[in-house]
Each structure stands twice: as structure tokens, then as C-alpha cells.
*Asks:* 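Sharing a structure below in C-alpha cells format, with a few things to ask.
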Protein chains: 2
Amino acid sequence: MGQPNESLTYLLQKAAKQALVRLEADLADLDLNARQYLLLALVEHEHFSQQALAHKLGLDPTAVVKLVDQLEARGLLQRTRFADDRRQHRLTLTPQGRELFLQAAERQQKSERDFTRAIGSRRNELRALLGEIVAPTRSAGADE
Amino acid sequence: MGQPNESLTYLLQKAAKQALVRLEADLADLDLNARQYLLLALVEHEHFSQQALAHKLGLDPTAVVKLVDQLEARGLLQRTRFADDRRQHRLTLTPQGRELFLQAAERQQKSERDFTRAIGSRRNELRALLGEIVAPTRSAGADE
DNA sequence: TATTGTTATACTCTATAACTATA
DNA sequence: TATAGTTATAGAGTATAACAATA
């Protein structure tokens, strides 16, 4: 961003945006945006509460309400209650939700391979470098 | 984003956001956000028109109007007219603008070194990898 | 009394359309 | 007629505050 073309911060913004645009294009015909997909992926892996999701996604809890509303209305996930704390909603994918998630996950992987085609297998180096930078700083934004 | 922690797209979003948050924190006492700084950096390097800046920044031209309004009101840059096409505004840093930019540029470089401290000199590899991914795809978003 | 989720609301950002001055 | 810049406005996204249910 100093000489913009050389700045890592600037490059990261551009790369992140382009990766996002591509992913959303690749998910478009499943009628999922990246955030919806990520939520499905997280819920598929673990039955989060909405607050836990908000924290994990770096989102406002009220935004999660709307996200979950949309996905529930489409029959992709369900809200039930946690037995040990009935205030919390336990989110679970429906069979349709799981099926859609699996399709989306395939596309996501392809999208990422396509996006990083220029660097081939060095994408693993990129992943490692980003992981080292990101891991220690987990304060603001999407956490963990 | 499939298994979120392993996804490059997800890592890129997080890294980009954290880098941005850090940069804005490091520029805060100069009363500049990242976008304002980037605009100053571009104008310092070349006397852009507002449309050219909008294209370069991947912003709406109306957003550039407001950005330039703010910076001009603070006496950091000036609008004059291009001689060969008097519709276009030629943007130039004032002496104060240039001085503030130089201070901001120092902070930006330090911010970036701090952010990438964990990978040390391998930040050059990271820069190279990102450059290879980003360069070919210059369609959507912040261009060139 | 504190917390989860919800709703309503306000605020910010971005995009769209109409206008002016120049070409 | 088309383009650069401006303004006003609408829309999307996000944050804030108050409320109900549960702890």
C-alpha cells in the first residue's frame, strides 16, 4: 500500500476479494453465498449455538439470526434446543442441508484449486504462511 | 472453508481483515483510514483523475467524490483541472498532504512488518505467491 | 441478575438516477 | 451524444437497544 503494488496488505485485500468473488460465482447456482456456505460447513462439523457461531464467524448475533432464518426457511437446517440450557438453539443440518453442503464443498474445493492454479502445488506453502500469520492474532474479526 | 480452518479462501479473508484492522489502528492517530491512505499513496505517485482512481480502487465514482471531499477539506490534496480535458479533476497532494503521506507510509511499512513477524523474511515468498495469484485475475474488485 | 435469542430501529456503505459542465 | 464529476436518494449490510424466555 506504500507503493500499492508491493504492499502485502493490499495484495491480501485483493486476493481475498477475488477468491470470495470466485467462490460466490461457483456457488451461485446452488443459491448459496459464501457466508451461508461457511455456516453450513461449521454446523455440519459441530452443533453450534447461534452465539457460538456469531463468535466463530466474527458476526453480530443479530446477523446470525437472519442467516439461520434464511437457511431454516429453505429446509437446510433446524433449530432445536440444547437439553442442558434451553435458551440456546442447537443447530443441525437436515438431510437436504447435508446434501447441499456436500455439493457446495466440492465446488469450494474446485474453486480454490482454480483460483490458485497459477501457483500449483505451492498453494500449500501459501496456506502454511497464511496460517502462521493468522493463528497468533485472533482478536478482531472472524475468530479462530 | 470446507473444513474452514484449512481453506485458503477462509485464511485469505482472515489474514486480509486482520492486516486491515492492524493498519487502521496504526494509522489512527494520523486520522487516516486505509482507504484514505491508499488514495494519498496513489495520488502521490501520479496525478489521477477521480474516475481513474475509482477504477484503480475498485470503488464507485461517487464514493471517490466523498473521499476526495474529506481529504480536500483537510487541506491534504487539491482539485485542479486537466488542461486537455477540463471535465476531469487532476488531484495533487498539498505539502501537508505529502508530509502526512510520508508519515503514514512509514507506519504502513512498520505495520506490515509487525503483522508478518511470525514468518520473518519469508514474507517475500508470501508476497510473490499472492502476486502470482492476483495478477492474472484483474476483473472484479480492486483492479491492478 | 445475567444470558440467548429475537425484534425493531438507527447507522453506515454502496449503488442508482438525475443533473451540470465540458467534450 | 457521450463523459467527468456532483448531488440526492434508495438499498443492503451492520450495529444498537429493548424485550421474552431461561438460567
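Note that the structure is a prediction, hence the values are computed from the model and not measured. A note on names: the letters A, B, ... follow the listed sequences, proteins ahead of strands, and every chain is numbered from 1.
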*Asks:* B/Arg107 and salt bridge (Lys or Arg N to Asp or Glu O under 4.0 Å): which partner among B/Asp26, B/Asp29, B/Asp114?
*Replies:*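 Running salt bridge (Lys or Arg N to Asp or Glu O under 4.0 Å) over B/Asp26, B/Asp29, B/Asp114 with B/Arg107 returns exactly one hit, B/Asp29.
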
*Asks:* Go through DNA chain C in 5' to 3' direction and return only the first and the last nucleotide with some atom under 4.0 Å of chain B's heavy atoms.
*Replies:*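 Both ends considered, the range comes out as C/dT14 to C/dA23.
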
*Asks:* Verify the contact: side-chain N or O of B/Gln50 to OP1 or OP2 of D/dT6, cut-off strictly under 4.0 Å; return yes or no.
*Replies:*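 Yes.
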
*Asks:* Is the shortest side-chain heavy-atom distance between A/Arg122 and A/Leu126 below 4.5 Å?
*Replies:*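 A/Arg122 vs A/Leu126: side chains apart.
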
*Asks:* Given atom CZ of B/Arg87 and atom P of D/dA4, what is their separation to the nearest angstrom?
*Replies:*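 The answer, rounded to whole Å, is 6 Å.
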
*Asks:* Just to be sure I understand the rule, does A/Arg90 reach a base, reach only the sugar-phosphate, or reach nothing, if contact means heavy atoms closer than 4.0 Å?
*Replies:*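 The residue A/Arg90 makes no contact with any strand.
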
*Asks:* Starting at CG of B/Asp60 and ending at C1' of D/dG13, how long is that distance when rounded to a whole Å?
*Replies:*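 Between C1' of D/dG13 and CG of B/Asp60: 16 Å.
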
*Asks:* Looking at every strand, decide which applies to A/Asp85 at a 4.0 Å heavy-atom threshold: base, sugar-phosphate, or nothing.
*Replies:*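 Counting heavy atoms under 4.0 Å across all strands, the contact made by A/Asp85 is with sugar-phosphate only.
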
*Asks:* So, do B/Leu40 and B/Leu32 sit near enough that their side-chain heavy atoms are less than 4.5 Å apart?
*Replies:*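 They are in contact (side-chain heavy atoms under 4.5 Å apart), so the answer is yes.
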
*Asks:* Provide, to the nearest angstrom, the distance between the CD atom belonging to B/Glu72 and the C1' atom belonging to D/dG5.
*Replies:*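 So the CD-C1' distance, B/Glu72 to D/dG5, works out to 13 Å.
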
*Asks:* Where each residue is assigned the nucleotide of DNA chain C containing its nearest heavy atom, which of A/Asp69 and B/Thr62 is assigned the position nearer the 5′ end?
*Replies:*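 The answer here is A/Asp69.
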
*Asks:* Is B/Arg86 near enough to D/dT3 that one of its side-chain N or O atoms lies under 4.0 angstrom from OP1 or OP2?
*Replies:*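 False: B/Arg86 side-chain N/O out of range (4.0 Å or more) of D/dT3 OP1/OP2.
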
*Asks:* Starting at CG of A/Leu57 and ending at P of D/dA15, how long is that distance when rounded to a whole Å?
*Replies:*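 About 13 Å, once rounded to whole Å.
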
*Asks:* Any chance you could lay out the salt bridge (charged side-chain N to carboxylate O under 4.0 Å, His left out) test for B/Arg117 and B/Glu112, step after step, and finish with the verdict?
*Replies:* CA-CA 8 Å; B/Arg117 184 161 15 91; B/Glu112 203 160 291; over 6 Å; no

*Asks:* Give the rounded distance in Å between these two atoms: NE2 of B/His55 and P of D/dT3.
*Replies:*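 These atoms are roughly 15 Å apart.
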
*Asks:* Over how many whole Å does the gap from B/Gln88 atom CD to D/dA2 atom P extend?
*Replies:*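 To the nearest whole Å, that distance equals 18 Å.
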
*Asks:* For A/Lys66 and A/Arg81, take the nucleotide of DNA chain C holding the closest heavy atom to each; which residue's nucleotide lies nearer the 5' end?
*Replies:*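 Taking each residue's closest nucleotide, the earlier one in sequence belongs to A/Arg81.
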
*Asks:* For A/Gln51 versus A/Pro61, what's the shortest heavy-atom pair and its separation?
*Replies:*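 So the two residues come closest at OE1-CG, 4.1 Å.
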
*Asks:* Over how many whole Å does the gap from A/Leu59 atom CG to D/dT14 atom P extend?
*Replies:*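 It is 7 Å, rounded to the nearest whole Å.
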
*Asks:* Determine whether B/Leu23 and B/Gln108 make a side-chain contact, defined as any pair of heavy atoms from C-beta on separated by less than 4.5 Å.
*Replies:*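 Sidechains of B/Gln108 and B/Leu23: in contact.
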
*Asks:* Going through the checks in order, is the salt bridge (charged side-chain N to carboxylate O under 4.0 Å, His left out) test met by A/Arg79 and A/Asp69?
*Replies:* CA-CA 10 Å; A/Arg79 285 188 245 232; A/Asp69 280 350; 2.2 Å; yes

*Asks:* Between A/Ala63 and A/Phe82, name the one whose nearest nucleotide on DNA chain D is closer to the 5' end.
*Replies:*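 With A/Ala63 and A/Phe82 compared, the 5'-side residue is A/Ala63.
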
